[in-house]
Amino acid sequence: MVDIDPWSSDVSTDYDRIIQQFGLSSVPLAEIPNPSLHHRRDIIFAHRDLGNILQAHARGDSFGVMTGLMPSGQMHLGHKMVIDQVRWFQEQGADVTIAVADLEANATRGYSLAECRRLALEEYVANYVAMGLDPEKTQIYFQSSRPIVQRMGFTLGKRTNLSEFEAIYGFQGDTNLAHVQAPLVQAGDILHPQLEEYGGLRPIVVPVGVDQDPHLRLCRGLAGKTNWFNVIERKNGGLRITVSVMVENQSIVAADKSSTAAIFTQIIDAVKTLGYGDIMADAKHGIVDLPAATPKDRYPVRMALLTLERSLGGPGLLQPSSTYHRFAVGMTGGKMSSSKPETTIFLNESLDKMEKKFKRSFSGGQSTVEEHRRIGGNPDVDVAFQYLLFFFEEDDAALEEIRRAYVSGDLLSGELKAITIEKARAWLTELGEMRDQNAHLINQFLADDAQN
RNA sequence: GGGGGUAUAGUAUAGCCUGGUAGUACUACCGGCUCCAGACCGGUGGAGGGGGGUUCGAAUCCCUCUGCCCCCA
């Protein structure tokens, strides 16, 4: 994992390196409809397969967003960032599925399932509701009362092994097995919304921070390995479909010559409906080529093949898409961490406490007024400025004006802190009011299997 | 199935053998310096897994339970 140096003024370099190292893609701002503050400010800086989501959106097809919560501790600003993204996807038309990882919290943190439920509703869901998610389009469930996610985790476990877990998570011989099961159940969480019972085949996006990428990599790998048909880019242009023969589908796709031929006919029929005239099938080598297809066609071709796979009895799972956001700097200048209360603001923080935290937050100002006027402040490391950027100042022009004044030395650190405190005060106050006003809606967010 | 080790503050640890006010570092909190914060200087908090025993007195010795780690089969 790349270390992120919070002191570096040139943060983009680090994130560029992450993109390269993890094989992520940059976010195509121009293609994002109604870009949010996070997009405009490059806070959401990378993605995997976001194109699937954008295409589904453009076509008017359904798509979903998935997130989870671990019912332990308190919600803080780091959580707000994810919920803001979930809400944005919802506003663009996504259905929302939220997993309460109560099994995981129970196994690894020692909370009873009853405690998990209480904490999830009172601390987490209450804030989700307050932050404006739409109860009509949001389904919250508990891992413990949706056994299918455990079963999927079990089944998907066949596609990986301890060596991979060691490589991805650094697990070793002394690792508690609860930690081994958790990512598998989580893969079940992420993939199960595609099941017919939970909305059917459609792209699902998971917005996370880069530190969560290992989970996504695992989940995408597991889903991909179950696919009966692969879509790859041809060396000389177009797309190539290959058939993946495995124990599970051998009797269906490759029992004998006639069944193989039948499968190829179905593949050709499936892609024909997408409008490709030029289809070159080579059953002997197990490939179908679409020389005229473009990389963008990968999504509809993939969807057609997954639909075919399902009709043949396969799981037909689409790899989840993901987006990655930068982390706001912690209030003390280091990392933001829920286990260190002094590094963040809780969503139910008292106004006094919030003000105190900002007053003692790390600044990018100079040692004396004279020096500050002369040299100016550094907004890149200034907590008060960063929190306006990440959370509290919606207006780009206003933010830019503050940045200009701070850099020039016109604005002192103390004055900047006062601005941020006022913004945070307004936000926290409103959030508290919304929590109270909307508390009665909490049950509407719960899926049927999450009701008491 | 058998054997060994270990449990001290939010974190990392010292003290245990040889019983006598539990020490240190970071963190937290307060003050100084700073426009504010950091850095720096000064100060203040906070701890021996649970139960039992021995003893005037147990973190320390003994038993037991629990958790964690390791070895053998």
Side-chain angles (χ1 to χ4, degrees), chain A residues 3-11 70 72-78 104-112 115 119 123 162 165-166 169-182 211 327-346 348-393 399 401-425 428:
Chain A
D3 266 349
I4 298 160
D5 177 6
W7 303 97
S8 167
S9 55
D10 191 8
V11 282
M70 172 84 86
S72 68
Q74 289 175 279
M75 278 191 86
H76 56 80
L77 286 178
E104 189 175 343
N106 176 250
T108 65
R109 314 253 170 133
Y111 291 94
S112 74
E115 282 171 319
L119 198 58
E123 176 66 25
L162 284 174
F165 273 44
E166 188 183 335
Y169 300 107
F171 288 172
Q172 293 182 0
D174 60 1
T175 301
N176 189 308
L177 289 194
H179 292 295
V180 177
Q181 303 206 47
D211 62 327
F327 294 107
V329 65
M331 306 217 45
T332 51
K335 282 186 178 141
M336 187 188 283
S337 161
S338 38
S339 59
K340 293 183 185 170
E342 69 276 12
T343 63
T344 188
I345 303 279
F346 294 108
N348 60 357
E349 194 92 62
S350 76
L351 297 180
D352 280 353
K353 193 91 181 126
M354 174 277 291
E355 183 169 341
K356 257 191 182 162
K357 284 184 175 180
F358 271 114
K359 281 194 169 159
R360 48 180 44 247
S361 71
F362 187 74
S363 89
Q366 306 301 336
S367 295
T368 63
V369 178
E370 294 71 36
E371 209 180 327
H372 188 85
R373 296 288 186 213
R374 186 158 48 84
I375 305 176
N378 179 359
D380 292 338
V381 298
D382 192 285
V383 170
F385 183 83
Q386 288 295 310
Y387 279 45
L388 288 176
L389 174 80
F390 272 77
F391 307 112
F392 299 127
E393 181 52 79
L399 184 73
E401 174 52 28
I402 291 171
R403 178 200 289 275
R404 193 207 56 71
Y406 196 52
V407 169
S408 74
D410 290 346
L411 187 66
L412 295 177
S413 300
E415 295 165 343
L416 174 55
K417 284 183 179 179
I419 294 172
T420 305
I421 287 168
E422 269 324 297
K423 284 279 184 183
R425 184 193 302 279
L428 276 180

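Relative to the side chain of Ser363(A), the nucleotides rC30(B), rA37(B), rC35(B) differ in distance, and rA37(B) lies closest. For Glu342(A), counting side-chain heavy atoms from C-beta on, the closest listed nucleotide (rC35(B), rC30(B), rU27(B)) is rU27(B). Residue Phe362(A) places its side chain closer to rG38(B) than to any other of rA28(B), rC35(B), rG38(B). Closest contact between the side chain of Glu370(A) and the listed nucleotides rC30(B), rC35(B), rA37(B) involves rC35(B). Among rA37(B), rC35(B), rC30(B), the nucleotide with an atom closest to any side-chain atom of Lys417(A) is rA37(B).
Regarding Lys359(A), its NZ atom lies at a distance of 12 Å from the P atom of rC30(B), rounded to whole Å. Whole-Å rounding puts the Met354(A) CE to rA37(B) P distance at 16 Å. If you measure from atom NZ of Lys353(A) to atom P of rA28(B), you get 11 Å, rounded to the nearest angstrom. Protein atom CG of Leu411(A) is 15 Å distant from nucleotide atom P of rC36(B), rounded to whole Å. Atom C1' of nucleotide rA37(B) and atom CG of Leu416(A) are separated by 11 Å, given to the nearest angstrom. Lys357(A) has its NZ atom 17 Å from the P atom of rA37(B), to the nearest Å. Between Lys340(A) atom NZ and rA12(B) atom P there is a gap of 12 Å when expressed in whole angstrom units. Here the C1' atom of nucleotide rC36(B) and the CG atom of Asn378(A) are 15 Å apart, to the nearest Å.
Only the C1' atoms considered, rC33(B) is 8 Å distant from rC40(B), to the nearest whole Å. Nucleotides rC61(B) and rU18(B), compared at atom P, are 9 Å apart to the nearest Å. For the P atoms, the distance from rG32(B) to rG38(B) is 13 Å, rounded to whole Å. rC62(B) and rU54(B) have their P atoms separated by 15 Å, with the value rounded to a whole Å. Taking atom C1' in both rA12(B) and rA7(B), one finds a spacing of 15 Å when rounded to whole Å. With P as the reference atom, rU60(B) and rC70(B) are 26 Å apart, rounded to whole Å. rU21(B) and rA59(B) are spaced 13 Å apart, taking the C1' atom of each and rounding to whole Å. Between rC30(B) and rA14(B), the two P atoms lie 31 Å apart (nearest whole Å).
With respect to Glu371(A) and Arg374(A), no salt bridge is recorded, no charged nitrogen being found less than 4.0 Å from a carboxylate O. Using a 4.0 Å cut-off between a side-chain N of Lys or Arg and a carboxylate O of Asp or Glu, Glu370(A) and Arg373(A) do not qualify as a salt bridge.
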Under 3.5 Å, N/O pairs linking protein and nucleotides 69-73 of chain B:
from	atom 1	to	atom 2	distance (Å)
rC69(B)	OP1	Asp174(A)	O	3.0

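Atom CD1 of Ile345(A) and atom CD of Glu355(A) lie 10.5 Å apart (nearest 0.5 Å). Taking CZ of Arg425(A) as the reference point, atom CZ of Phe392(A) lies at 12.0 Å (rounded to 0.5 Å). Expressed to the nearest 0.5 Å, how far CG of Asp382(A) lies from CG of Leu411(A) amounts to 9.0 Å. We find the OH-CG distance between Tyr406(A) and Leu388(A) to be 11.0 Å, quoted to the nearest 0.5 Å.
Base-pair partner of rU18(B): not found among the strands shown (Watson-Crick or G-U wobble, both distances under 3.5 Å). Base pairing analysis places rU6(B) opposite rG67(B); the two distances defining the Watson-Crick or G-U wobble pair are each below 3.5 Å. The base-pairing partner of rU13(B), taking Watson-Crick or G-U wobble contacts with both distances under 3.5 Å, is rG23(B). A 3.5 Å limit on both hydrogen-bonding distances identifies rG32(B) as the Watson-Crick or G-U partner of rC40(B).
Donor-acceptor pairing under 3.5 Å is recorded for the side chains of Asp410(A) and Ser408(A).
Taking syn as a glycosidic angle within 90° of 0, rG48(B) qualifies as syn.
When the side-chain nitrogen and oxygen atoms of Arg373(A) are compared with OP1 and OP2 of rC35(B), none of them lie within a distance under 4.0 Å. Contact annotation: Arg360(A) side-chain N/O to rU34(B) OP1/OP2 distance is not under 4.0 Å.
Between Gly364(A) and Ser367(A), the residue anchored nearer the 5' end of RNA chain B, judged by the nucleotide with its closest heavy atom, is Ser367(A).
The environment of CG in Leu162(A) is sparse: at most 12 heavy-atom neighbours from other residues, nucleotides or ligands sit within 6.0 Å.
In this structure, Tyr387(A) and Phe358(A) have perpendicular ring planes: the angle between them is above 60°, well past the 30° mark.
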